[in-house]
Amino acid sequence: MDFSVIKILFIFIFFVHPEAKALIYPQDLITHDSVFDFPSLTPSFPTSSSPIFRPPTAPLVPALFIIGDSSVDCGTNNFLGTFARADRLPYGRDFDTHQPTGRFCNGRIPVDYLALRLGLPFVPSYLGQAGSVEEMVLGVNYASAGAGIIFSSGSELGQHISLAQQIEQVTDTVQQFIVNIGEDATTDLISSSLFYISIGSNDYIHYYLLNASNVQTVYLPWSFNQFLAQTIKQEIKNLYNDKVRKVVVMGLAPIGCAPYYLWLYSSKNGECVKNINDMILEFNFAVRYMVSELNEELVDATIIFCDAFEGSMDIIQNHNRYGFNVTDEACCGLGEYKGWIMCVSPEMACNNASSHIWWDQFHPTDAVNAILADNVWSSLHTPMCYPMNLQEMLAQSTR
């Protein structure tokens, strides 16, 4: 894929355009107390006006730690030299602060909704906080847009923090906890906290499907999927060595249905690109099997796999039930399906994102994120987590 046109647009919009404004970092605007007045994450139809959600009176886990890519990045890339940025409107226009935060969405990302379910505040990015134990003790978000399981995935976009580097940051955080609160307290904190991993799309979008380094001549799709799954497995073992015991591993969404690929493959009537989705299905199968292996191998660890493909296809296929009118075209972008040019200006965005499944070329809207978070939490709309959902995992750990 040629990113030269996109880069020129980014330079103009973000650095030349007179209305471009500096980011107001969300943790300056969101306090622990104010989070609990935010709307429900389970509206009957995905709208911004819904009943008040009441979180648990006490947090269900001490902290939430997040590892991943743009699906869960809350601002890491704001501090990096990269074109993979979401720190300008219209990103964040429907967020609680109505400000761009670095989230690749019009509003909240799935981990925001899950934080509320857990009784925790929104989790700050690793690069967006001062590094004090007081700031990190409720959780840290290490996710970086453009990052992949493979170190070089997404490198054409600029700087990012890969999976291995994020695991190293976790280890650094653990060491900082040990120095400040002691080894026993750190072990209790980390082993009782929840770790959420959502990564892998960029290994297809910015690596395999581009045939970077002639990877397709080295790996057939199934072998590539196995390689990625085994790499994640080793990184989870590294987390286990840091006393991590509760992990949610997200599968990949159907990127063959993303507006970019509908445009690129000249899709007829919004039909998803089958060969891409087949690869994602295989990857998810490999990761689900890997998770079952880890549950047998790692003593006292509970790891669940949540299939974002399954949950997303349920939304696409039953879009009327969920209140979505537009299933193939992005809310923000240019070209057919709004998939040719990424979202770089408020003028490119639709008026009502909640009627769309896709926010931009690759990312879902806040309304979809709410539904997927509900499924991860309690399988509310459709079962997509194995061998149990998150609510069941936490209930099991309290017995």
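Everything numeric here is computed off the predicted structure, so don't read it as measured data. Quick note: residue numbers are just sequence positions, from 1.
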Kindly indicate whether the side chain of [X], heavy atoms from C-beta on, has any atom under 4.5 Å from the side chain of [Y].
X    : Y    : value
P124 : E135 : no
Y260 : I255 : no
T302 : R245 : no
L390 : L194 : yes
I150 : L228 : yes
L394 : V61  : yes
F65  : V244 : no
K233 : L294 : yes

Checking D203 against S153 for the side chain to side chain donor-acceptor pair (under 3.5 Å) test, could you report, in this order, the C-alpha distance in whole Å, the side-chain angles of both residues, the deciding distance, and whether it holds?
CA-CA 5 Å; D203 296 289; S153 293; 2.7 Å; yes
Would you compute the distance between atom [atom1] of [X] and atom [atom2] of [Y] and round it to the nearest 0.5 angstrom?
X    : Y    : atom1 : atom2 : answer
I205 : D69  : CD1   : CG    : 8.0 Å
Q391 : L114 : CD    : CG    : 11.5 Å
I280 : N225 : CD1   : CG    : 7.5 Å
W359 : Y91  : CH2   : OH    : 7.0 Å
T327 : I316 : OG1   : CD1   : 7.0 Å
W377 : E392 : CH2   : CD    : 10.5 Å

Taking [X] for its side chain and [Y] for its backbone only, find out whether a donor-acceptor pair lies under 3.5 Å.
X    : Y    : answer
N389 : C385 : no
Y207 : G148 : no
E183 : I178 : no
T76  : A143 : yes
N325 : S355 : no
E336 : W263 : no
D307 : F309 : yes
Q361 : A258 : no
T186 : F177 : yes
S144 : I161 : yes

Would you say [Y] ends up clustered with [X] if hydrophobic residues are merged whenever their side chains have heavy atoms under 4.5 Å apart, either directly or through other cluster members?
X    : Y    : result
W222 : V273 : no
V291 : V299 : yes
I236 : Y289 : no
V287 : F285 : no
L163 : L80  : yes

Using every non-hydrogen atom in the two residues, find where [X] and [Y] come nearest and quote the distance to one decimal.
X    : Y    : value
P259 : Y337 : CB-O, 3.2 Å
C272 : L262 : CA-CD2, 4.0 Å
D94  : A353 : OD2-CB, 4.0 Å
P100 : A86  : CB-O, 4.1 Å
A373 : P110 : CB-O, 3.8 Å
S192 : P62  : O-CD, 3.3 Å

Partners passing ring pair (Phe, Tyr, Trp, His ring centres under 6.0 Å) against Y142 (at least two apart in sequence or in another chain):
Y126
May I ask you to check whether over 12 heavy atoms, not counting those of D184, lie within 6.0 Å of atom CG?
no
Can you establish whether the number of heavy atoms outside Y386 located under 6.0 Å from its atom OH is more than 12?
yes
Examine R108 relative to F95 and say whether NZ or CZ is less than 6.0 Å from the centre of the six-membered ring and inside a 45° cone about the ring axis.
no
Do Y196 and N141 pass the side chain to side chain donor-acceptor pair (under 3.5 Å) test, and can you show the C-alpha distance, the side-chain angles, and the key distance before you say yes or no?
CA-CA 9 Å; Y196 183 102; N141 188 329; over 6 Å; no
With under 30° as parallel and over 60° as perpendicular, where do the rings of F151 and H160 fit, or are they tilted in between?
tilted
Identified side chain to side chain donor-acceptor pair (under 3.5 Å) counterpart of R103 within the set D366, D112, D73, D87:
D112
Among N318, N375, D374, whose side chain to side chain donor-acceptor pair (under 3.5 Å) with H381 holds?
D374
Are the gamma sulfurs of C332 and C343 separated by less than 2.5 Å?
yes
Does the ring centre of F362 sit less than 6.0 Å away from the ring centre of F104?
no
Under 4.0 Å between a side-chain nitrogen and a carboxylate oxygen: does that hold for E310 and R288?
no
How far apart are the C-alpha atoms of N238 and Q234, what are their side-chain angles, what is the distance that settles it, and do they pass the side chain to side chain donor-acceptor pair (under 3.5 Å) test?
CA-CA 6 Å; N238 292 337; Q234 183 56 54; 3.3 Å; yes
Trace of the ring pair (Phe, Tyr, Trp, His ring centres under 6.0 Å) decision for Y208 with Y219
CA-CA 9 Å; Y208 194 85; Y219 290 103; 8.0 Å; no
